[in-house]
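This structure is a prediction, so every number in the text was calculated from the model and none was measured. By convention here, the first residue in the shown sequence is residue 1.
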Amino acid sequence: MLAVKTKKKSIIKPKQSLFAFLIGLYVFTIFLYGARSETLFITDSAFSIIVVLQMIYLINSKFIINRIALISIPFLGLLMIGTVYSSNFASSFSLVKTCLLLYMFMLILLENLDNEEIITLVLKYIMFASFIMCVYIIYFYGFDRIVNAITLGKRIGYEISQPNTIGHYAAIGFVISIYNLLYDSMIRVKLFSVLISLTTFTIVLASLSRKALFLAIIGSFILYIGRESFKVTRVITFLIVLIMIYNLLSIIPQFIPFFDRLNSALSLMLNSGIESNQSDILRKQLIELGINMFKNRPLFGYGTGEFRYLAAALFGSEVASHNNYIELAVNNGLFGLFAYYVPYIYMVTYYIKRIIPSKKGLGILLFSLLITDLIISGMTMFTYISKISVLFFSLSLAYMVFNKKKLL
C-alpha cells in the first residue's frame with residue numbers, strides 16, 4: 001500500500017511478516033482500547049503475545065542488543081533516580097515500570113526492523129488500523145451523529161475512548177494515506193488512499209481535536225514540500241491554499257463550533273484578545289506553573305511523576321500537565337529533559353541533513369510522523385509513556401540505522 005520500489009524478491013522473512021501483522025494488531029488495540037482503563041487489558045494482552053513470541057524466537061537464536069538502543073538508558077536511569085526523592089514512590093515507580101516495558105518494546109522493534117520493506121509493512125498496518133478504527137466509529141455513532149459532531153460541536157469519542165485520542169489516531173492514518181497519494185504512482189493505490197484519507201479526516205473533524213488537525217496539516221505539509229527540491233513557491237502555494245480553505249470554512253455556519261475551538265487555542269498562543277475556553281486557560285496556567293516550578297529546581301526536578309501532586313496544592317486536586325516538556329522539566333529537571341530529547345535532536349538533524357535531501361519517500365514519511373509527534377503530541381500529552389510515540393521513534397531510529405550502517 002505504501003510507496004516502495006518494486007523488487008523481484010521480497011527480503012522480508014516469514015518471522016518478520018508475522019511480527020508486522022502482530023504490531024498492526026497491537027496498534028489497532030491501542031487505537032480502540034488503549035485509552036480506557038476497563039479495556040486496557042486487551043492492549044496489554046496483545047503486547048504480551050508479541051513479547052512471548054519474541055522470547056520464544058530468541059531462545060533459539062543469537063540475540064545481540066543493537067548499540068543504538070543504549071541511547072535511552074540515561075533517561076531510564078534518571079527516572080529511577082527520580083523515584084528516590086519523589087513524594088509518592090508507588091506512583092513514580094509505576095511510571096518507571098511503564099517506561100521499562102516501552103523500552104522492551106523498542107528493543108523488539110529494533111531487532112525486527114532491519115530493512116525498508118518491513119518498516120513499510122508496519123506503516124501499512126498502522127494506516128489500516130487507523131482506517132478500520134474510523135470505519136468502526138462511523139458505524140458506532142451513525143453518519144448523522146458524525147455530521148452533528150462537526151456542525152454542532154457535539155464531540156464524539158467519549159463512549160469509545162476520548163475525542164482527542166481518536167482524532168490523533170485518525171490523523172496518523174490520514175498522513176500515511178496522503179503519503180500514498182503523493183508518492184505512489186499506482187492508480188488503484190491512489191484511489192484507495194483517497195477513501196482512507198476522506199474517512200480518517202472526517203473523524204479528525206468530528207473529534208473537534210485541534211491537535212489532530214494540526215498533526216494532519218503539518219504532516220501533509222512536510223510530505224508535500226519534501227517530494228521535490230525545496231522551493232519557496234511550493235511553501236507559499238500550500239499556505240495560500242490553506243488560508244483560503246480556513247477562511248472559507250470559518251464563515252460557513254456548520255463549521256463555527258469547530259473553528260471556535262481552534263480560535264480559542266490560537267488566541268492563547270498569539271495573545272489576540274479573543275476569548276478562550278476554560279480548557280485552554282487551564283492548560284496555559286499549567287504551563288506557567290510548570291515553568292515557575294522548573295526555575296526552583298532546574299537540575300533534577302521534584303521527582304518522577306511529581307507534577308500532578310504539586311499542581312494539586314494550587315488547583316485543589318491532582319492535575320496532569322498534558323505537556324511532555326513541562327512534565328519532564330518539573331519532574332526530572334534539565335538532566336531528564338536533556339536525556340530524553342537529545343536522541344530526538346540527533347535523529348531530526350540526521351534526517352534533515354541526509355534523508356530529506358535524498359528525496360526518499362519512506363524517510364520523509366517517517367520524518368513527518370516523528371516531527372509531528374515531537375512537537376504537536378509533545379505539547380499536548382506525555383509522549384515518554386506513549387506506545388505510539390515509542391513506535392514512531394523506533395521506526396525512525398531503525399530507518400536511520402538502516403541508512404547509516406555505522407551509527408556509533
Rounding to 0.5 Å, atoms CG (Leu328) and CZ (Phe307) come to a distance of 12.0 Å
_Side chains of Ile203 and Thr200 in contact at under 4.5 Å (non-hydrogen atoms)_ = no
query: Given the rule in the side-chain hydrogen bond (donor to acceptor under 3.5 Å, both in side chains) test, do Arg155 and Asn164 qualify, once you have shown the distances and angles that lead to the verdict?
result: CA-CA 9 Å; Arg155 306 180 75 184; Asn164 288 327; 2.7 Å; yes
Examine distances only and state if a side-chain atom of Ser94 and a backbone atom of Ala90 form a donor-acceptor pair shorter than 3.5 Å. no
Review point. Are Ile81 and Phe300 side-chain neighbours, meaning at least one heavy-atom pair lies under 4.5 Å?
Key: no
Under 3.5 Å, is there a donor on one side chain and an acceptor on the other for Ser91 and Tyr309?
yes
To the nearest 0.5 Å, atom NZ of Lys97 lies from atom OG of Ser92 at 10.5 Å
Across all chains, not counting sequence neighbours, the ring pair (Phe, Tyr, Trp, His ring centres under 6.0 Å) partners of Tyr340 are Phe75, Tyr344
Exercise. Measure up the Phe21 and Tyr125 rings against each other and bin them: parallel (under 30°), tilted (30 to 60°), perpendicular (over 60°).
Key: perpendicular
Sequence neighbours excluded, the answer for side chain to side chain donor-acceptor pair (under 3.5 Å) partners of Tyr302 is none
Residues Gly305 and Glu327: closest non-hydrogen pair is CA-OE2, 4.4 Å
- Message: Run Ile132 and Phe28 through side chain to side chain contact (heavy atoms under 4.5 Å, CB included) and show every step you take.
- Response: CA-CA 8 Å; Ile132 295 172; Phe28 178 69; 3.5 Å; yes
Checklist entry - For the side chain of Lys190 and the backbone of Asp184, is there at least one donor-acceptor N/O pair under 3.5 Å apart? => result yes
- prompt: Phe47 versus Leu101: any side-chain heavy-atom pair under 4.5 Å?
  reply: yes
**Report entry** Residues Leu123, Leu366; criterion side chain to side chain contact (heavy atoms under 4.5 Å, CB included); working and verdict
**Finding:** CA-CA 9 Å; Leu123 286 167; Leu366 289 168; 3.9 Å; yes
In this structure, OG1 of Thr383 is separated from CZ of Phe393 (nearest 0.5 Å) by 10.5 Å
Value for CD1 (Ile222) from CG (Leu365), rounded to nearest 0.5 Å, stands at 10.0 Å
ask   = When the ring centroid of Tyr341 is compared with that of Tyr325, is the distance short of 6.0 Å?
value = yes
query = Under 3.5 Å, is there a donor-acceptor pair between the Tyr141 and Asn148 side chains?
reply = no
Output for pair (Tyr169 OH, Leu32 CG), nearest 0.5 Å, gives 10.0 Å
**Request:** For the pair Ile376 and Ile371, evaluate side chain to side chain contact (heavy atoms under 4.5 Å, CB included) and give the outcome as yes or no after the intermediate values.
**Result:** CA-CA 8 Å; Ile376 300 174; Ile371 204 71; over 6 Å; no
Q) Quick one: are Phe31 and Ile388 in side-chain contact, heavy atoms under 4.5 Å? A) yes
Asn332 meets the side chain to side chain donor-acceptor pair (under 3.5 Å) criterion, sequence neighbours left out, with Thr304
Please assess His322 against Thr380 for the test side chain to side chain contact (heavy atoms under 4.5 Å, CB included), listing each intermediate value before the final yes or no. CA-CA 5 Å; His322 298 290; Thr380 56; 5.9 Å; no
- Centroid-centroid under 6.0 Å between Tyr26 and Phe105 rings: yes
- Message: Using a 3.5 Å distance criterion without hydrogens, assess whether the side chain of Thr43 forms a donor-acceptor pair with backbone atoms of Thr29.
- Response: yes
Exercise. Is there a side-chain contact between Val175 and Thr372 (heavy atoms, below 4.5 Å)?
Worked result: no
From the list Asn323, Ile326, Leu374, Asn324, side chain to side chain contact (heavy atoms under 4.5 Å, CB included) with Met379 holds only for Asn323
Quiz item: Do Glu306 and Ser86 get their side chains close enough for a donor-acceptor pair, meaning under 3.5 Å?
Solution: no
| query | Does atom CZ of Arg145 have more than 12 heavy-atom neighbours from other groups under 6.0 Å away? | reply | yes
So CG of Leu79 and OG1 of Thr98: to nearest 0.5 Å the spacing works out to 10.5 Å
